[in-house]
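Within every chain, numbering begins at 1; the chains are lettered A, B, ... in the order of the sequence lines, protein sequences first and strands thereafter. Values in this document were obtained by computation on a predicted structure and should not be read as measured data.
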2 protein chains.
Amino acid sequence: MNDGDEGARPAGRSKRADARRNEETLLDAAAAVFVASGVDAPVRDIAAEAGVGMGTIYRHFPTRADLIIAVYRRQVEACAEAGPALLATSATPYAALGQWITLFVDFLVTKHGLAAVLQSDNAGFETLHAYFLDRLVPVCTQLLDAAAGSGEIRSDLTAYELMRGVGNLCIGADHDPRYDARRLVDLLIAGLRRPH
Amino acid sequence: MNDGDEGARPAGRSKRADARRNEETLLDAAAAVFVASGVDAPVRDIAAEAGVGMGTIYRHFPTRADLIIAVYRRQVEACAEAGPALLATSATPYAALGQWITLFVDFLVTKHGLAAVLQSDNAGFETLHAYFLDRLVPVCTQLLDAAAGSGEIRSDLTAYELMRGVGNLCIGADHDPRYDARRLVDLLIAGLRRPH
DNA sequence: TCGTTAGCGGAGCAACGTTCCGCTTGCTCA
DNA sequence: TGAGCAAGCGGAACGTTGCTCCGCTAACGA
């Protein structure tokens with residue numbers, strides 16, 4: 001996997017300056033291309049946008065998933081951290097859950113094609129899938145448990161299933177004005193309410 | 001689009017015998033390969049399974065979507081026709097809607113990768129998308145209207161949105177035992193209920 | 001300044017969808 | 001029946017993709 005913000009290399013040796021520069025450039029280029037052409041834009045396009053060769057891209061980000069993770073890491077972290085915060089400030093755990101899901105949906109819907117690639121069964125995207133799950137499922141579990149504990153919702157749904165369901169509902173939400181993922185997710189969350 | 005069961009050609013001329021035979025063979029081969037490798041199996045595999053060349057496949061089914069439609073046409077028709085029937089025999093319109101959606105979900109979930117390809121924004125699958133929509137949205141509208149008319153559900157959701165949402169929820173439902181699409185769809189349908 | 005080597009670029013390969021065209025062969029009509 | 005025609009066939013070939021590989025460049029430590 002990518003080494004995140006800074007050199008977590010074997011010894012104290014640090015990366016060469018041009019390498020660090022390229023990684024930065026690549027992240028910017030990828031972000032731009034993702035916005036313009038979606039997260040499944042051809043790797044060649046990203047390399048071209050960054051003005052580097054393809055070898056460079058694959059050395060820094062061995063997998064397309066690694067690149068996507070690196071581009072969106074900050075936002076995913078922010079979303080994960082918002083969970084406990086919402087739980088602390090919201091009127092009820094169920095309200096917190098709803099707001100948190102909204103945050104997640106807003107994130108997904110604005111990333112052209114990310115939701116689709118996230119659920120894609122193409123080999124090579126497992127690490128992307130895994131990253132989102134590792135980071136967000138625990139947060140979702142916490143919210144879900146709290147809401148179940150307060151008796152507001154049924155408790156027979158796992159956080160994993162909910163996250164996948166919400167992710168799925170976001171697929172194709174861009175480029176189709178007739179489909180409003182937010183509304184359907186709201187419906188799903190409404191369906192969670194304990195009957196009566 | 002493909003000409004369905006029988007020759008709907010310009011004049012009375014009918015297809016050559018070998019052509020008809022090949023079309024049949026191709027449908028069988030495609031069905032088999034779809035089951036084994038999913039609906040997005042390589043076209044070459046289908047041609048090989050049928051023992052024909054690639055030109056043959058593309059003459060009969062200009063688009064991958066046409067092939068998929070041809071393979072599943074019967075089942076989609078059956079699903080469409082079940083709508084009014086359920087409405088007539090079920091206790092309430094809402095119950096009919098739930099059962100019909102279940103039918104649809106069962107169909108989608110058992111077709112490896114069909115749900116995914118159905119929502120794919122890849123060019124070339126619009127006709128597949130369109131076929132499903134043309135055939136099923138009217139049925140769904142009828143059920144939805146009936147359920148809204150009887151006051152059981154809220155009436156601010158279009159059949160189109162519901163169908164897309166349900167289709168999305170079915171993505172990846174195979175090959176992941178931790179994800180039960182049926183349960184999430186049930187939740188969604190439960191969320192439709194008019195509050196109180 | 002100079003040698004080492006991290007890092008770079010892009011040619012090249014494999015897998016895929018799709019097109020194209022020369023050949024085969026079923027069908028028609030005498 | 002058998003010739004002629006065109007419907008239909010097969011698969012080579014092309015464009016696009018993801019990803020690898022390796023010879024070369026230039027950054028950095030001494």
Out of D/dC9, C/dA11, C/dC8, which nucleotide sits closest to the side chain of A/T56? C/dC8
Any non-hydrogen side-chain atom of A/N168 less than 4.5 Å from a side-chain atom of B/L184? no
What is the separation between atom CD1 on B/I57 and atom C1' on D/dA12, rounded to the nearest whole Å? 17 Å
Here the distance between atom P of D/dC22 and atom CE of A/M54, to the nearest Å, is 16 Å
Among the nucleotides D/dA7, D/dG10, C/dG7, whichever has the atom closest to the side chain of B/R16 is D/dA7
From the candidates C/dC27, D/dG18, D/dC28, the one with an atom nearest any side-chain atom of A/A17 is D/dC28
Strictly below 4.0 Å: does A/R44 bring a side-chain N or O up to OP1 or OP2 of D/dT17? no
Taking the side chain from A/R183 and the backbone from B/E161, do they hold a donor-acceptor pair closer than 3.5 Å? no
Does A/P42 or B/G51 map to a spot on DNA chain D nearer the 5' end, using the closest nucleotide for each? B/G51
Check A/L187, A/V109, A/T102 against A/R182 for a side-chain contact (heavy atoms from CB on, under 4.5 Å) and give me the one that passes. A/V109
Tell me: CD of A/E23 to P of C/dA6, nearest whole Å? 17 Å
Can you check whether B/N22 has a side-chain N or O nearer than 4.0 Å to OP1 or OP2 of D/dC9? yes
With under 30° as parallel and over 60° as perpendicular, where do the rings of A/F107 and A/Y72 fit, or are they tilted in between? perpendicular
Whole-Å distance between D/dG18 P and A/L67 CG? 11 Å
Nearest whole Å is fine: how far is C/dT19 C1' from B/F61 CZ? 18 Å
Taking CG from A/N122 and P from D/dT17, how many angstroms apart are they, rounded to a whole number? 15 Å
Output the single nucleotide from C/dG7, C/dG9, C/dG17 whose closest atom is nearest the side chain of A/K15. C/dG7
Whole-Å distance between C/dT5 P and A/R59 CZ? 17 Å
Does C/dC8 have OP1 or OP2 under 4.0 Å away from a side-chain N or O of A/H60? yes
Can you tell me how far P of D/dG10 sits from CD of B/E49, to the nearest Å? 15 Å
Choosing from C/dT19, D/dC19, D/dG8, which nucleotide comes nearest the side chain of B/D18? D/dG8
Regarding the side chain of A/Y58, the nearest nucleotide among C/dC8, D/dC19, C/dT18 is D/dC19
Among B/R20, B/K15, B/R21, B/R16, find the one that has a salt bridge (Lys or Arg N to Asp or Glu O under 4.0 Å) with B/D18. B/R16
Comparing nearest nucleotides in DNA chain C, the 5'-proximal residue of the pair B/T63, A/G55 is A/G55
